[in-house]
Amino acid sequence: MADGRYNINSQIEHMQSKYAGTGHADISKYEWLVNIHRDSYASYVGRYSTLAYFAIAENEAMARVRYTFLEKSIQPCGVPPAKEDD
């Protein structure tokens with residue numbers, strides 16, 4: 001039983017080190033929100049039908065909506081907060 005739990009924890013640690021968006025124990029709320037927003041924008045841009053839906057809803061061209069989403073993904077949650085020194 002303990003061996004299985006160690007194996008799961010090592011798999012989670014490996015996944016967190018391999019993929020930036022999966023987070024870790026010390027991730028801040030801001031970093032977590034940035035990952036979620038960037039993942040959402042990447043999904044919107046990568047799916048033709050979803051991008052078409054947003055373009056129709058906003059009455060804009062699909063290229064303009066794609067450009068807007070890519071621009072928003074640079075800093076999706078605004079300027080990062082100042083880091084606290086411990």
Side-chain angles (χ1 to χ4, degrees):
M1 178 103 171
D3 184 40
R5 203 161 77 183
Y6 173 73
N7 189 19
I8 290 171
N9 286 337
S10 66
Q11 289 175 357
I12 290 172
E13 288 173 5
H14 174 71
M15 182 182 67
Q16 289 172 341
S17 67
K18 188 173 180 182
Y19 301 107
T22 55
H24 51 82
D26 298 328
I27 194 167
S28 69
K29 183 177 180 180
Y30 175 80
E31 291 171 341
W32 182 77
L33 285 172
V34 166
N35 287 338
I36 296 298
H37 280 83
R38 284 187 179 153
D39 187 44
S40 297
Y41 286 135
S43 176
Y44 301 155
V45 169
R47 298 171 193 258
Y48 179 84
S49 59
T50 307
L51 192 63
Y53 174 80
F54 280 113
I56 291 170
E58 295 178 5
N59 196 24
E60 292 283 346
M62 286 182 57
R64 172 63 64 187
V65 174
R66 178 181 286 117
Y67 176 78
T68 304
F69 285 161
L70 290 174
E71 285 290 314
K72 285 183 179 179
S73 69
I74 294 172
Q75 275 192 333
C77 298
V79 180
K83 299 218 178 202
E84 296 178 11
D85 293 332
D86 290 335

Please report, to 0.1 Å, the donor-acceptor pairs under 3.5 Å made by any side chain of residues 48-61, with sequence neighbours excluded.
none

For a quick test of reading the model, state the closest non-hydrogen atom pair linking G78 to Y30 and the distance between them.
O-OH, 2.7 Å
Please verify the inter-ring angle class for Y41 with H37; under 30° counts as parallel, over 60° as perpendicular, anything in between as tilted.
tilted
If you group Ile, Leu, Val, Met, Phe, Trp and Tyr by side-chain heavy-atom gaps below 4.5 Å, do V45 and M62 land in one group?
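Same cluster.
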Could you pull out every donor-acceptor pair under 3.5 Å between side chains of residues 66-76 and any protein atom, sequence neighbours left out?
unit_1	atom_1	unit_2	atom_2	d
T68	OG1	R64	O	2.8
S73	OG	L70	O	2.7

